[in-house]
Amino acid sequence: MKCNKKYDFFAYQKRNISPVLLREIENHIAGCDKCRNVSMQVKLLEMAINEQKLIRPDAFMSQRIVAKITNRQSFAGILRPMPAFAIIILLALFVGIGIGIFATKSSQQTIEVFSWNDQEQEVIEMAFLNEN
Amino acid sequence: MDDFSFLLEHIKNNNEQAFVRLVEAYNGMVFQLAFSFLKNTEEAEDLTQDVFLSVYENIGQFRNESSLKTWIYRITVNKSLNRQRKLKWCRFFRPIGSVPSDDKNLITEDTNPQYAVLNKELKAKLTNAIDNLPERQRTAFTLYKYQDLGHQEIAEIMGLSVSAVESLIHRAKQNLQAALAEFR
Ligand SMILES: [Zn+2]
């Protein structure tokens, strides 16, 4: 049989209802499998909730939290001047590279170094050997 | 629990000791609420830290429109819901065979005899019914059942009227009973 009763079994389990309604529900669940099961499952759910409510953080959690937050804040304090510092470093780097490129270009004038091999001549050691 | 609003001015003036007192006063409350949403101790601790970091960084913007406790509750609820959404996606894409985060936590629970009344599968199955509720019903029901808060306090945290909270809790209970009717 399909039952459409909508009792508040949470209130029933806590006996947080009028005596009249309490008696009515008790009489009903005596003959209704569905509501008896729901009432039982609600009781189990209340037990599960009560067990989970017992879970506490360990005694050192607050210390860990404060340490992490204050460390983070002091780290953030160190990092705060970082953007300006990074810009100065980058500028210095660009200026350095610029000066380097300019200096290399100006020193690349026509300084030619001749060597024996450039002139397609024998290496010097061979020239000595061939003298005999 | 007392409201530690008197610490507010000291914290705003960067008094670290006042902040330590605030963390000590509320870390259990934040952790428990985070755990009731996330069902995992590591995630709950991580979220607790995140909540207090938020408090530390945004305390200057706190305007006394609510109590400090209500404000911390609100931050915890918002962050827990965000984390829960993220975890649902992670679970969806988790590689086959990897250990679910809930299971890791339930093993820790089992090592403590005080949690051993219900077995972990049954407990997970039952409380999973809460996770499947629509977000606002889940939030109202969690604050009501896990934190034992009154309708007025829940209304302040959620920014709703008391009657809206009553309606959310009523619908949450009805939906839970409908889901539990399928259990044997
Ligand atoms: Zn029935």
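Residue numbers begin at 1 in each chain, while the letters A, B, ... track the order of the sequences.
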Under the side chain to side chain donor-acceptor pair (under 3.5 Å) test, residues paired with B:Q61 that sit two or more places apart: none

Exercise: identify the closest heavy-atom pair between A:T70 and A:A67: OG1-O, 3.2 Å

Distance-only polar pair, side chains of A:Y7 and B:Q177, donor-acceptor under 3.5 Å: no

Test item: side-chain donor near acceptor, A:Q52 and B:Y146, under 3.5 Å: yes

Go through the atoms of [X] and report whether side chain, backbone, both or neither lie under 4.5 Å from a heavy atom of chain A.
X: B:E45; result: both
X: B:E182; result: neither
X: B:T127; result: both

Quiz item: cation-pi between A:R15 and A:Y12, 6.0 Å / 45°: yes

Between A:K53, A:Q63, A:R64, the one whose heavy-atom pairs under 4.5 Å with chain B are most numerous: A:K53

Option that, when pairs with chain A are counted at under 4.5 Å, heavy atom only, ranks first among B:H170, B:R184, B:Q147: B:R184

